[in-house]
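Down below is the structure, laid out as structure tokens.
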Amino acid sequence: MSTADGGRFGRLQNLDEGTRRVGAGSAVTIVATVAAFLLFPAATIYPLLGFLAVVAYGWWRYQEATAKVVMALMTASTVVILGLITLYLLWQSVPVLRQMGIGLLTHVGATMWSPNDGVFSLVPMMWGTFLTTIIAMCVAGPLGIAGALFTSEMAPRWAREIIKPAIEVLAGIPSIVYGFLGFVIVNDYMMRELSLPIYGSLFGAGVVIGLMALPTIVSVAEDALAAVPDEMKDGSVALGATSWQTITAVTLPSAFSGVSAAIILGVGRALGETMAVTVMLAHTQTLPDPLYDVFGPNGQETLTSLIASQYGIASGDHMSALFAAGVVLFITVLTLSIGSQLVEARMREKLGGGA
Amino acid sequence: MNTDASRNDLVKRGNSTLGVAAVLLAAGALLGALLGALALFEAFAVTDAVAGLSIARWFGVLLAGLGVALLGVGATSRAGLVRSEPDRTAGPVAGVAFSLVGLVIGGLLASQTLGFGTLWPIGALIVGAVALLLTVYPRGDLGATLPSGLLSLFTGIVVATGVIAPGWSWSPIPGSFTLPGDIAVPLLAIVVGFLVAWMAARAYGGFGTQGKQASAYLLVSASAAGMLALLVVLVSYIVVRGWAPMTEGVKWGLFWANWTYFYVPPIHRYVVIDGPVLWFHWPFVMNGHALLNDVNGIMPAIVGTVWLVLGAIVFAVPLGVGAAVFLTEYAGQSRFTQLVEVSTNGLWSTPSIVYGLFGWAFLVPRLGNGFSILSGQLVLGFMLLPLVIITSREALTSVPNAYRDASAALGVGKWETIKSVVLPAAMPGVTTGIILGIGRIAGETAPILLVAAGSPFPSDAPNVLTSFQLSATPPFVTNDALLQATSALPYQLYAVITAGVNKNAGLAWGTALVLLLVVLSFYAIGIASRIYFRKRLEA
């Protein structure tokens, strides 16, 4: 076995015999399993049994190598799953894109969503998502940062040790529970007091989503504030600054990336929130008139509630249009996720790896 | 020893007449805001009369009084009658806040009262600019009190004289909402009350740096307290409303009954052994839906959730932990690791409805061609997977390298080291992550709705355990129950909402409470164990 010929082939030859045998055997069988599942689901069991046999033999003969190979396959499958979801969504949304063209994302007219006439424009839903997200962040942004500041900088130690876990537990309240409360209490209240023309409003849904995103924002922003080294704050206080001056001049600026990551995360949560809006909105696929009317009967649909309310009656281009809505959501949230990771990486760099 | 020396003039506290007046003012303003919130939530009606005047008018009187008092405090400070250390200006934050308030008031006055039509921005800009000037231009004490005092006085007069009264209403957009007076008055009380309290806190600290500190602390603490109170109220409201339907018809008792009996041949007799038996019947969680039930329950939904979550764990935990071990112990930092990191974070933040859509179009046709528990388990597993990877990686990287080195120095192989040293040390972190993940997926509705949801009011639970069958033809093991649709706790709640809450109010609140208890107990256990293990690690 020589490394002289180098390259990938050389590296493969460098692996010990067990890794090579088990790796080759399990790779072939697992690929066959996936292929069988995709093409002939009934026959999936044979290659799967083959894979299990290879692994069992490897475990008995070369345990070390088998463990490594199996774990590498597990890692690869994670990437494959994400890839599969992405590609499948994209592939399924091609038909409607072919029919509507870019109008899918831009078409504005009297009819914007009518499966019977084959008109699919996501504009009203994107606008609805935008409005509910804005309202949600108006509620959750200031309150969330205030909550984080209070927990991290102002509350006494004993209070912090109660509030922090409590907020985290509250972040776990399922969205359908918020949707239920919103439907029973918020919608009912607004209908009664504000004489709304229809049961449900973008405003009410936005407020409920904001409350839902609140614990997440508090908890992430609090982590960012707590990660600012005490030396920095102490230095400021030692120079005679009050604690509020220290917060505005030292703590908040140094934790700025982390706090904005919290907000971005909250926006992601608000965008992807499904059940509360599905339950609370009236499902009208039009644009509000005027555009900023968040109480009126028009425009009560978001990308998520569109999918959740129409999947049962969709086929053909209609189904493809729902996938397009999913793609828009997926790409937006993925962008936000990558953005917040970049922001957080910047923060870690800025604080010298201490975070 | 003079103990006063330690708390002498290094930091000036509000202790003078100014301080007392400011505390009273802030308390009055916060009381006004609190009463406004209570009126908004219909704790009392603003039309009720107290001492011959309707509560709405009393709000007006309170605001006008607060305004006059705040103006008075500012004037006495400016005239030098009380000790204070005002800054040169009230600062940009107050300036922005009050000019925004001015813009709104000016705009409303111009468009609604004076009828400027499309020229309303002129009115808005004029009042906004005046408010900005009044805040920023004078010395700190006047700048803080003048605009807020005038605002409070103005609002108070408008409300007290009945210009905005319970009978008043305003609908700015035709066909949209109508703002009635009995909502508008409490809203005004809340907003103006907070602004006055904010500026009163400045007066408490002598209008200077200390004043800004006091006012900021007041605002932040009030927001945080309000937020916490709201969340606590939400949860306790569900508990209060759901407790009665959830515990309806619970019966239990201790009986003396026979445990077992057997025949003893030599003496030709039965031997009967008696003992205490606890009998317990909780209809809401032990019944399904049936016509003849005394209490209709949600047992099928609970069992469905258990199977869905179990399946997701079986699928995601080995895969996720294995991937985490490979990434942390074998792969090192490389392009591949980065790709996996971005993928897992992406998967983690992907909205659940997107998973549901994928499962609906990809898994459902391939797995029995119908909604099934199996599809639900896989989709929930996809959702659990990234969280397991992320938390397991964190737990594995926090295992000190000294453990690995010590094991290697003893001549133990890499895999043996991982198996017997690294994984046990990381176990608490991994378990905590899994528990938190379970809490999240147990409450997920959207994916279940799209891939697994069956009858909205089922009478029986899926019988997964006894449905396994072996056969000679592929795929050798079958389980019909796994390929059938099911209910689940979050889906049950959704089903009740879509079926009409009024008809099934008890069922809805009870289901919401059970769901909340299940999910929050997973979170509570996960977080408590994390705190416990962290403390043990630090100790």
Side-chain angles (χ1 to χ4, degrees), chain A residues 41-42 45 63-64 67-68 70-72 74-75 77-79 81-82 85 88-89 92 143 146-147 149-150 154 165 168-170 172-174 176-177 180-181 183-184 193-197 214 242 244 268 272 274-275 279 293 295-296 304 307-308 311 322-323 326 329-330 333-334 337-338 341, chain B residues 173 175-178 183 209 212-213 216-217 220-221 223-224 227 231 234 319 322-323 325-327 330 339-340 343 345-347 349-354 357-358 360-362 366 382 385 389 413 415 439 443 445-446 449-450 474-476 490 493-494 497 501 512 515-516 519-520 523-524 527:
Chain A
I45 191 74
Q63 199 187 99
E64 177 109 23
K68 189 174 170 184
V70 168
M71 287 188 296
M74 286 169 163
T75 317
S77 63
T78 312
V79 182
I81 288 171
L82 180 76
I85 293 180
Y88 192 74
L89 286 174
Q92 288 284 319
L143 278 182
L149 271 180
F150 179 79
M154 299 177 185
E168 264 185 281
V169 171
L170 287 175
I173 299 180
I176 186 72
V177 172
F180 174 57
L181 289 177
F183 183 77
V184 175
E193 294 291 342
L194 300 179
S195 338
L196 295 185
L214 195 50
T242 63
W244 178 247
T274 311
M275 289 328 285
V279 169
D293 179 14
F295 295 94
T304 50
I307 301 174
Y311 75 97
L322 296 187
F323 271 94
L329 266 178
F330 184 69
V333 172
L334 200 65
S337 157
I338 293 174
Q341 283 173 61
Chain B
I173 308 168
S176 188
F177 72 106
T178 307
I183 297 288
T209 311
K212 280 180 184 158
Q213 156 127 348
Y217 269 49
V220 170
S221 316
S223 312
M227 178 197 81
L231 291 173
L234 279 185
L319 209 57
V325 170
F326 182 80
L327 288 172
Y330 291 105
L339 175 72
V340 177
S343 315
N345 285 329
L347 270 174
S349 53
T350 302
S352 55
I353 187 80
V354 174
L357 198 58
F358 170 75
W360 173 62
F362 185 83
R366 286 173 175 77
F382 290 160
L385 185 57
I389 295 182
W415 169 239
T445 321
L449 186 66
L450 265 68
F476 305 116
L493 185 53
Y494 175 76
I497 298 173
V501 177
L515 175 61
L516 204 63
V519 171
L520 293 196
Y523 268 78
I527 290 166

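So you know, we letter chains A, B, ... as the sequences are listed, proteins then strands, and number each from 1.
In plain terms, the two heavy atoms of A:Thr274 and B:Ser352 that are nearest each other are OG1-OG, 4.4 Å. Considering every non-hydrogen atom in both A:Gly172 and B:Tyr523, the closest pair reads CA-CZ, 3.4 Å. Residues A:Ala146 and B:Ala224 approach most closely at O-CB, 4.3 Å, considering heavy atoms. A:Thr75 and B:Ala323 make their closest contact through OG1-CA, 3.4 Å (heavy atoms, listed as atom of the first residue, atom of the second, distance). For B:Val354 against A:Gly326, the heavy-atom pair with the smallest separation is CG2-O, 4.0 Å. Closest heavy-atom contact between A:Pro174 and B:Val519: CG-CG2, 3.7 Å.
Contacts with chain B were tallied for A:Val177, A:Leu196, A:Val184; A:Val177 has the most, counting heavy-atom pairs under 4.5 Å. Most heavy-atom pairs under 4.5 Å with chain A, from the set B:Leu234, B:Asn345, B:Leu339: that is B:Asn345. The candidate with the highest count of non-hydrogen atom pairs below 4.5 Å against chain A, out of B:Ala524, B:Gly439, B:Ser221, is B:Ser221. Contact tally against chain A (heavy-atom pairs below 4.5 Å) for B:Val340, B:Leu520, B:Ile389: the top residue is B:Leu520.
At a 4.5 Å heavy-atom cutoff, the contact between B:Leu385 and chain A is made by side-chain atoms alone. When heavy atoms are compared at a cutoff of 4.5 Å, A:Ile338 approaches chain B solely by way of its side chain, counted from C-beta outward. In this structure, the portion of A:Val279 lying under 4.5 Å from any heavy atom of chain B is its side chain and not its backbone. Contact of A:Thr242 with chain B is made through backbone and side chain together, with heavy-atom distances under 4.5 Å. Interface residue B:Tyr330: only side-chain heavy atoms are found under 4.5 Å from chain A. Of the two parts of A:Leu334, only the side chain, counted from C-beta on, holds a non-hydrogen atom closer than 4.5 Å to a non-hydrogen atom of chain B. Proximity to chain B (any heavy atom under 4.5 Å) is restricted, for A:Leu214, to the side chain, taken from C-beta onward. Proximity to chain B is limited to the side chain of A:Gln341, based on heavy atoms less than 4.5 angstrom apart. Only the side chain of B:Phe382 comes within contact range of chain A, with heavy atoms under 4.5 Å apart. The contact between A:Ile81 and chain B is made entirely by side chain atoms (from C-beta outward), counting heavy-atom distances below 4.5 Å. Contacts of A:Leu89 with chain B are made by side-chain atoms alone, with heavy-atom separations under 4.5 Å and no backbone atom involved. Using a 4.5 Å cut-off between heavy atoms, B:Leu347 touches chain A through backbone and side chain atoms alike. Only the side chain of A:Ser77 comes within contact range of chain B, with at least one heavy atom under 4.5 Å from a heavy atom of that chain. Contact annotation for A:Phe183: only side-chain heavy atoms (C-beta onward) come within less than 4.5 Å of a heavy atom of chain B. Both the backbone and the side chain of A:Val169 come within contact range of chain B, judged by heavy atoms closer than 4.5 Å. Looking at B:Ile183, the atoms closer than 4.5 Å to chain A (heavy atoms on both sides) all sit in the side chain, from C-beta outward.
Taking NZ of A:Lys68 as the reference point, atom CH2 of B:Trp415 lies at 12.5 Å (rounded to 0.5 Å). Here the straight-line distance linking atom OH of B:Tyr494 with atom CZ of A:Phe180 works out to 14.5 Å at 0.5 Å rounding. Rounding to the nearest 0.5 angstrom, the gap separating the CG atom in B:Leu327 from the OG1 atom in A:Thr78 is 7.5 Å. Separating the CG atom in B:Leu231 from the CD1 atom in A:Ile173 is a distance of 6.5 Å, to the nearest 0.5 Å. Here CG of A:Leu322 is found 9.5 Å from CD1 of B:Ile353. Values are rounded to the nearest 0.5 Å. Distance check: A:Met275 CE to B:Leu493 CG gives 9.0 Å after rounding to the nearest 0.5 Å.
Between B:Phe358 and A:Tyr88, the two ring planes are perpendicular [angle over 60°; tilted spans 30° to 60°].
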